[in-house]
Amino acid sequence: MTIRLYDTSARQIRDFVPLTQGCVSIYLCGATVQAAPHIGHIRSGLNFDIMRRWFEYRGYDVTFIRNVTDIDDKIIQKSAEQNRPWWSIGYENERAFNDGYAALGCLPPTYEPRATGHITEMVEMMRGLIERGHAYEADGNVYFDVRSFPGYLQLSNQDIDELRQPSGEGETGKRDPRDFAMWKSVKPGEPSWETPWGRGRPGWHLECSAMVHKYLGSSFDIHGGGIDLVFPHHENEIAQAKAFGDDFAQYWVHNAWVTMSGEKMSKSLGNSVLVSEMVKHWKPIVLRYYLGTPHYRSMIEYSEEALREAESAFSRIVGFMQRVAEKAGGSVEPATEVPLAFAEAMDDDLGVPQALAVIHTTVRQGNSALAADDKESAVARLAEVRAMLGVLGLDPLDPHWAGETESGEDLHGAVDTLVRLVLQQRESARSRKDWATADAIRDQLQQSGLVIEDGLDGPRWTLGPR
């Protein structure tokens, strides 16, 4: 089947046809590193990690670029507030973002360019745009003339006469208030770089257009980011790149927000949930399940109850995997191919919720096989489940997630010994038909957070959802 994606610019789902057969080039707007990431920030990286994994499963060679915006108004403001160098704040938070991506199992990008490393490319782009009549200098600033580009606002489908372009402090000399800054003249105490138009620093939109051109050339397959970037950021990227002579992105893919009380999760609203704190209370693989299994174009309303439901659902999958492994007497390798229904769901605009339904159906079939003592069918279902989870980055047996259990291996062994002693007492009570004592032991274990299951091979315990 052909992979199909919802293209924001076309406002419909389109068949994906790569520019180069067998290859996919993806540019994702990454972190602006003025603060540590919350789960809303990480969702975008996670959604596009799943996209990348699916393209790779389908046999494509993927080039994945995720940039770092390490200079902008917010970083400079934080620098002044904290009396710290701007680059210190940027580097600290860049590492926090990378730690967050890694904790949730995101594959590292092919390249991860920083904006400040590409001033030369930005100057070249501005020079070309001025020569072509699409940009101009005023008071040390360089502005893009939006009325010089006929395709402006096609992505966001706005009327230019109704446009209210965001402007920053010191943006003087504009010919039209709708024009946007590509370069901002130097201000006292701010970082700056030398250009033919004086010292200053780049505007946010110019950074991405220049880095895309350097790493992916004049034309590439997919540009991604959060839905809040459609305007002004992505609209202005398109204007700069196409006016410069690039064909730019063939598909525009945007993920939805994580919300709290119906509002976008953001630092400014004070409703963010930092990844560094979340992983102290929830297993990272559970966070990945929670953030990665809704459709990428669907809003996620954050709540602890929803997280507990995700934890419970994932624990059922893990419990099935453990039971089959015990029955098989060892590990079961993933199947070489995912089930057809799973593949069809993923091909259809990355339909992860429908693909997840296939996983849970397969788990139920596997549990039925276990109940019927059909070891061969149970093992086959586990192999399929592992293949599907692997595509989503959710296979708990993958080496990446091994670290989640390594620190607790010794403790697990001690707990297992103690629990088995208690379970032996329960079995003794059951053998003499002392049901009250047997039930009391089971209830006490459950109150301690353990789930006791009675099977053909005797009782077994697992940690239950919190």
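No hydrogens, no waters, no symmetry mates; every other heavy atom, side chains included, goes into these values.
Side-chain N or O atoms of Glu235 include one that pairs as donor or acceptor with a backbone N or O of Ser156 at under 3.5 Å. Put simply, the side chain of Asp15 never gets that close to the backbone of Arg4: no donor and acceptor are under 3.5 Å apart. Between the side chain of Asp145 and the backbone N or O of Gly133, no donor-acceptor pair lies under 3.5 Å. Distance alone, capped at 3.5 Å, places no donor-acceptor pair between the Asp395 side chain and the Leu389 backbone. No donor-acceptor distance shorter than 3.5 angstrom exists from the side chain of Ser312 to the backbone of Glu309, with no hydrogens or angles considered. Put simply, the side chain of His41 gets close to the backbone of His38: a donor and an acceptor are under 3.5 Å apart. Proximity of a side-chain donor or acceptor of Ser209 to a complementary backbone N or O of Glu237 within less than 3.5 Å is detected. In this structure a side-chain-to-backbone donor-acceptor pair under 3.5 Å is missing from Asp246 to Phe248.
Looking at every heavy atom in both residues, Pro109 comes nearest to Arg52 through CA-NH1, 3.9 Å.
By the 6.0 Å contact criterion, CH2 on Trp87 is open, its count of non-hydrogen atoms from other residues, nucleotides or ligands being 12 or less. Heavy atoms of other residues, nucleotides or ligands lying less than 6.0 angstrom from NZ of Lys187 number more than 12.
Tyr296 and Asp349 share a donor-acceptor pair across their side chains, judged by distance under 3.5 Å alone.
Comment: Glu190 does not engage Lys184 in a salt bridge, judged by the lack of any side-chain N to carboxylate O separation of less than 4.0 angstrom. Salt bridge Arg95/Asp99: absent, no basic N to carboxylate O contact under 4.0 Å. Taking 4.0 Å as the cut-off between side-chain N and carboxylate O, Glu311 and Arg308 do not count as a salt-bridged pair. Ion pair Lys280/Glu277 flagged as a salt bridge, since at least one NZ, NE, NH1 or NH2 atom sits closer than 4.0 Å to an Asp/Glu carboxylate oxygen. Salt bridge status for Asp72 with Lys78: absent, with no side-chain N to carboxylate O gap under 4.0 Å.
For residues 147-157, every residue pair satisfying the salt bridge (Lys or Arg N to Asp or Glu O under 4.0 Å) rule, not counting sequence neighbours, is listed here: Arg147-Asp161, Arg147-Asp176. Under the salt bridge (Lys or Arg N to Asp or Glu O under 4.0 Å) criterion, the residue pairs touching residues 120-131 are Glu121-Lys214, with sequence neighbours excluded. Within the structure, the salt bridge (Lys or Arg N to Asp or Glu O under 4.0 Å) test picks out the following pairs touching residues 109-120 (sequence neighbours left out): Arg66-Glu112, Glu94-Arg114. Contacts classified as ring-ring contact (aromatic ring centres under 6.0 Å, His included) and involving residues 110-140 (residues at least two apart or in different chains) are given here: Tyr111-Tyr215, His118-Tyr215, Tyr136-Tyr143.
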For Val352 and Met346, run side chain to side chain contact (heavy atoms under 4.5 Å, CB included): C-alpha distance rounded to whole Å, both residues' side-chain angles, the deciding distance at 0.1 Å, then the answer.
CA-CA 6 Å; Val352 176; Met346 293 297 291; 4.0 Å; yes
Run Tyr91 and Asp70 through side chain to side chain contact (heavy atoms under 4.5 Å, CB included) and show every step you take.
CA-CA 8 Å; Tyr91 181 64; Asp70 61 341; over 6 Å; no
Take Tyr27 and Asn67 through the side chain to side chain contact (heavy atoms under 4.5 Å, CB included) test and state the conclusion after the steps.
CA-CA 8 Å; Tyr27 183 90; Asn67 78 295; 3.3 Å; yes
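Applying the salt bridge (Lys or Arg N to Asp or Glu O under 4.0 Å) rule to Arg132 yields no partners; only residues at least two apart in sequence or on another chain are considered. The side-chain contact (heavy atoms from CB on, under 4.5 Å) search around Val186 returns Ser192, Arg199, not counting sequence neighbours.
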